[in-house]
Amino acid sequence: MRSRKPGMWWGAAIEAPDPGALARFYATLLGWPVVHQEPGTAVIGTPGGAFLVFQQATGYEPPTWPPAPGAQRPMMHLDFQVDDLEDAVAEALALGAQLSPTQPQENVRVLADPAGHPFCLCRDDG
């Protein structure tokens with residue numbers, strides 16, 4: 001895109017009832033910096049140069065995992081590879097995540113962030 005200049009942020013936008021709080025959750029969990037914040041928007045930077053953008057959503061309804069008829073479906077989720085699955089889950093729970101009662105794989109743990117978005121911690125056994 002010709003209108004983009006070096007240093008401009010880009011990335012997935014995630015709706016949240018409190019974008020600043022959700023950005024701080026992921027920034028603390030992942031050790032990535034909050035690089036921009038204004039009313040209704042917060043952005044964290046990733047080591048690869050992409051960004052996660054958290055945006056204010058009026059009337060926000062958290063998705064349901066696993067999907068259920070008539071409930072808000074997850075539209076996307078974040079996956080994070082980890083070395084020690086138990087330790088990573090404990091750290092996420094201590095920061096306010098919730099462990100899903102449904103765990104479809106032995107080497108993956110499905111959690112929900114404080115706004116209810118599902119995310120996965122994945123241990124690569126390969």
Side-chain angles (χ1 to χ4, degrees):
M1 222 182 306
R2 290 186 296 268
S3 65
R4 287 193 39 80
K5 296 181 178 23
M8 289 182 157
W9 58 263
W10 62 275
I14 300 168
E15 293 184 349
D18 185 342
L22 195 56
R24 288 187 297 278
F25 167 81
Y26 280 107
T28 302
L29 180 68
L30 303 169
W32 298 346
V34 175
V35 297
H36 177 83
Q37 192 159 359
E38 62 186 68
T41 302
V43 181
I44 62 172
T46 72
F51 298 85
L52 292 177
V53 181
F54 301 90
Q55 296 180 332
Q56 184 74 45
T58 303
Y60 173 79
E61 285 188 44
T64 300
W65 172 257
Q72 175 63 47
R73 292 183 56 87
M75 301 300 226
M76 58 153 280
H77 70 271
L78 301 172
D79 285 346
F80 301 103
Q81 185 180 21
V82 299
D83 188 46
D84 185 325
L85 191 55
E86 288 182 30
D87 184 59
V89 168
E91 187 174 353
L93 293 174
L95 292 172
Q98 298 290 316
L99 188 63
S100 172
T102 302
Q103 298 296 327
Q105 296 171 276
E106 183 64 30
N107 65 326
V108 175
R109 290 297 171 272
V110 180
L111 297 100
D113 67 26
H117 300 102
F119 69 96
C120 295
L121 300 176
C122 311
R123 184 187 66 236
D124 186 2
D125 291 334

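Reckoned from all heavy atoms, side chains included, excluding hydrogens, waters and symmetry mates. The residues of the chain are indexed from 1 along the displayed sequence.
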Could you pull out the closest heavy-atom pair between [X] and [Y], with the gap in Å?
X    : Y    : value
A13  : Q55  : CB-OE1, 3.8 Å
P19  : T41  : CG-N, 4.2 Å
Q103 : R109 : OE1-CA, 3.1 Å
E106 : L85  : O-CD2, 4.0 Å
I44  : A23  : CG2-O, 3.6 Å

Under 3.5 Å donor-acceptor pairs involving side-chain atoms of residues 90-101, not counting sequence neighbours:
residue : atom : partner : partner atom : Å
S100    : OG   : T102    : N            : 3.1
S100    : OG   : T102    : O            : 3.2

Starting at [atom1] of [X], measure out to [atom2] of [Y] and round the result to the nearest 0.5 Å.
X    : Y   : atom1 : atom2 : value
F54  : I14 : CZ    : CD1   : 4.5 Å
R123 : Q81 : CZ    : CD    : 11.0 Å
L111 : F80 : CG    : CZ    : 11.0 Å

Report yes or no: do [X] and [Y] belong to one cluster of Ile/Leu/Val/Met/Phe/Trp/Tyr joined by side chain heavy-atom distances under 4.5 Å?
X   : Y   : value
L29 : M76 : yes
Y26 : V89 : yes
W32 : V53 : no

M75 atom CE, over 12 foreign heavy atoms within 6.0 Å: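 No, CE of M75 has 12 or fewer neighbouring heavy atoms, counting only those of other groups under 6.0 Å.
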
CD (E86) with more than 12 external heavy atoms under 6.0 Å: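 No - once you tally the heavy atoms of other residues, nucleotides and ligands closer than 6.0 Å, there are 12 at most.
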
T46 and F51: CA distance, side-chain angles, deciding distance, side chain to side chain contact (heavy atoms under 4.5 Å, CB included) verdict: CA-CA 6 Å; T46 72; F51 298 85; 5.7 Å; no

Could you tell me if the side chain of [Y] sits less than 4.5 Å from the side chain of [X], heavy atoms only?
X    : Y    : result
L78  : C120 : no
P114 : L22  : yes
V34  : V43  : no
F119 : D79  : no

Sequence-distant partners of D83, side chain to side chain donor-acceptor pair (under 3.5 Å), two or more places apart: none

When the side chains of residues 56-73 are checked against the rest of the protein, which donor-acceptor pairs come out under 3.5 Å, sequence neighbours left out?
residue : atom : partner : partner atom : Å
Q56     : NE2  : P17     : O            : 2.8
Y60     : OH   : A115    : O            : 2.8
Y60     : OH   : H117    : NE2          : 3.1

